[in-house]
Amino acid sequence: MRLNEILRNCKVVKTVGEGNPEVSSLAFDSRKCVKDSVFFAIRGTQADGHDYIAKAMENGAKTIVCEQLPESLDGTATYVVVENSAKTLGLAASEYFGNPSSKLRLVGVTGTNGKTTIATLLYRLFIEAGYVCGLLSTIENIIDRKVVPSTHTTGDQLELNELLGKMVDAGCEYAFMEVSSHSVDQDRIAGLTFAGGIFTNLTHDHLDYHKTVAAYRDAKKKFFDNLPETAFALTNLDDRNGMVMLQNTKAAKKTYSLLHDADFKGIVLESCFDGMKLKINNKELFTLLVGRFNASNILAIYGAAYLLGMKEEELLCGVSRLHSAAGRFQMVYSGSGIIGIVDYAHTPDALKNVLDTINEIRTHNETLITVAGAGGNRDAAKRPEMAEAAATRSDRLVLTSDNPRFEEPEEIIAQMKAGVSGAYYNRVLCITDRREAIRTAVALAKKGDIILVAGKGHEDYQDVKGVKHHFDDREELEKAFNEK
């Protein structure tokens, strides 16, 4: 392809050099440039791509897309000045890979909690109904039924379009995708055509990046602001920011709720550790998922599938067969009668939701023991809030390490414990070693007791000083049960 074709939908300020060279590849990492690459100089949180223009050219790049021209220009190169290199990359990548998102029905899911569950279960619902579809999620990317490893909640512009292109080649009719606030803010989804968007909720998270709740909210809202008229915008009325998401969208506005009248209205009729009986728009069904937060997730799934054209009877049967995504309220039973639950809850609100669900179902004649930590080099303000939420809702709380990264785990634990008031202090144990923390929780438990291991969910590693060591909460809980 030639440069003009790739940049046909991009706003170019000016071009310096040969106007329309042949292009071999696109790159925003100078190390990945080859002969005749287009290098996009993007200003990131850790580095500025403009500092690597010379390196990109050394590696073969002949076209540079940048927001500011370098002081010294190479007469053999083409320089394209744009207002936003990241957005330009998204638009260019979409064009380069043949606009794959426009050739299937792509649904994005955004919000603090519930993204993975909703995207994954929508994928499962459609695949089990006989449709060919794809998934882009925190846990895994799937093309039809083939799994592709996932490293980010939302991939970069090139990765996303390449994966969507492979989905189109595989005959996918639908794709379901988690949309993180970072990806919206960094224009990683620029150029993608969405058939629908879903908003779950907004609570305290990622303030290390966004700095304020308002900025975090506005990043989510930007996704809906950019949806086309042909799409639907499905929002959670039970979240105070739900209607904010719809303020400026051109998409068809739809709502779901457990508390208010909505397009998709749900009521929890019965709840236990094996599932729930729900009424959705006056139709009853039983689901294997547990808890009010999952009832809300099911409403989002039901609503999106209905808006995509799935027939109601097919939808009711399909939803009743769904089971939880990996590491999301995942049950681990022991031979000694102790109930184990592994969940990805790593924000104050997610912990509240999971623990409130357990407390609604349990008899309160048993002991509820929670094992939880907080990640290092991330939003530190949520740490005491997480501990407070867990301590007030558990009979025992074991604070431990959870991906400390480049921080000292003992300091993170101390910051968490600072959020626990004196009345709950005697409920708390601090055990830095996560494996030992899980073993201690199991040792403290007796028949009928409940252990929640929160924070890592599907993750199978501990990130310590830049090295990922294998660690799986489900494996460790099962080992501890077997040793008891």
Side-chain angles (χ1 to χ4, degrees), residues 1-102 136 151-166 177 179-193 209 219 222-223 226:
M1 294 181 75
R2 290 201 171 269
L3 183 64
N4 285 357
E5 294 177 80
I6 295 168
L7 298 181
R8 74 173 79 199
N9 293 316
C10 303
K11 185 177 180 180
V12 175
V13 176
K14 68 175 179 178
T15 301
V16 178
E18 184 188 343
N20 195 24
E22 190 72 33
V23 173
S24 65
S25 67
L26 311 184
F28 62 92
D29 183 337
S30 61
R31 296 166 296 184
K32 295 183 179 179
C33 288
V34 295
K35 187 177 184 295
D36 296 328
S37 289
V38 179
F39 175 68
F40 292 77
I42 295 174
R43 301 185 195 279
T45 55
Q46 304 297 322
D48 185 346
H50 291 76
D51 296 335
Y52 296 89
I53 290 174
K55 186 64 178 178
M57 295 180 68
E58 282 179 26
N59 290 337
K62 290 298 183 184
T63 303
I64 306 299
V65 175
C66 55
E67 296 171 13
Q68 182 179 341
L69 287 170
E71 292 182 5
S72 176
L73 300 183
D74 186 318
T76 65
T78 299
Y79 298 87
V80 180
V81 181
V82 297
E83 291 179 358
N84 184 326
S85 297
K87 184 176 181 178
T88 303
L89 174 59
L91 295 166
S94 183
E95 202 67 41
Y96 183 78
F97 286 98
N99 294 296
S101 61
S102 67
L136 299 165
T151 56
H152 298 88
T153 301
T154 310
D156 63 57
Q157 296 91 324
L158 298 175
E159 179 187 3
L160 286 174
N161 280 282
E162 184 176 9
L163 285 167
L164 288 166
K166 290 178 178 178
M177 170 183 172
V179 177
S180 69
S181 57
H182 293 70
S183 71
V184 179
D185 187 62
Q186 296 167 8
D187 289 304
R188 281 186 263 147
I189 60 170
L192 299 186
T193 301
Y209 176 86
K222 181 181 172 183
F223 169 58
N226 291 331

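Put simply, the side chain of Lys222 does not reach to within 4.5 Å of the side chain of Asp185, judged on heavy atoms. Within the 4.5 Å cutoff, no side-chain heavy atoms of Ser180 are placed close to those of Val184. Side chains of Leu7 and Val82 form no contact here, defined as non-hydrogen atoms less than 4.5 Å apart. Looking only at side-chain heavy atoms (C-beta outward), Glu67 and Ser85 come within less than 4.5 Å of each other. A heavy-atom distance below 4.5 Å is found between the side chains of Leu160 and Met177. Met57 is listed as a side-chain neighbour of Asp74, based on a closest heavy-atom distance under 4.5 Å. Using a 4.5 Å cut-off on side-chain heavy atoms (C-beta onward), Leu158 and Leu89 make contact. With a 4.5 Å cut-off on side-chain heavy atoms, Ile42 and Asp187 do not count as touching.
With sequence neighbours left out, the ring-ring contact (aromatic ring centres under 6.0 Å, His included) criterion links Phe223 to Phe194. Qualifying side chain to side chain donor-acceptor pair (under 3.5 Å) partners for Thr15, counting only residues two or more places apart in sequence or in other chains: none. For Lys55, the side chain to side chain contact (heavy atoms under 4.5 Å, CB included) partners two or more places apart in sequence, or in a different chain, are Ser30, Glu58, Asn59. Taking the side chain to side chain donor-acceptor pair (under 3.5 Å) definition, one finds that Ser72 meets it with nothing, sequence neighbours left out. Among residues two or more places apart in sequence or in another chain, the side chain to side chain donor-acceptor pair (under 3.5 Å) test is passed with Ser94 by Asn99. Glu83 pairs by the side chain to side chain donor-acceptor pair (under 3.5 Å) definition with Lys11, not counting sequence neighbours.
Of the inter-residue distances, the one linking Leu26 atom CG with Ser37 atom OG reads 8.0 Å to the nearest 0.5 angstrom. Atom CD of Glu159 and atom CG of Leu136 lie 8.0 Å apart (nearest 0.5 Å).
For the residue pair Arg2 and Asn20, the shortest heavy atom distance occurs at NH1-O, 2.8 Å. Residues Leu73 and Pro70 share a closest heavy-atom pair of CD2-O, 3.6 Å.
Using a cut-off of 4.0 Å between Lys/Arg side-chain N and Asp/Glu carboxylate O, Asp48 and Arg43 are scored as salt-bridged.
Looking at Thr63 and Thr78, their side chains never bring a donor and an acceptor atom within 3.5 Å of each other.
For the pairing with Phe40, the side-chain contact (heavy atoms from CB on, under 4.5 Å) check across Val80, Val65, Asp29 returns one residue only, Val65.
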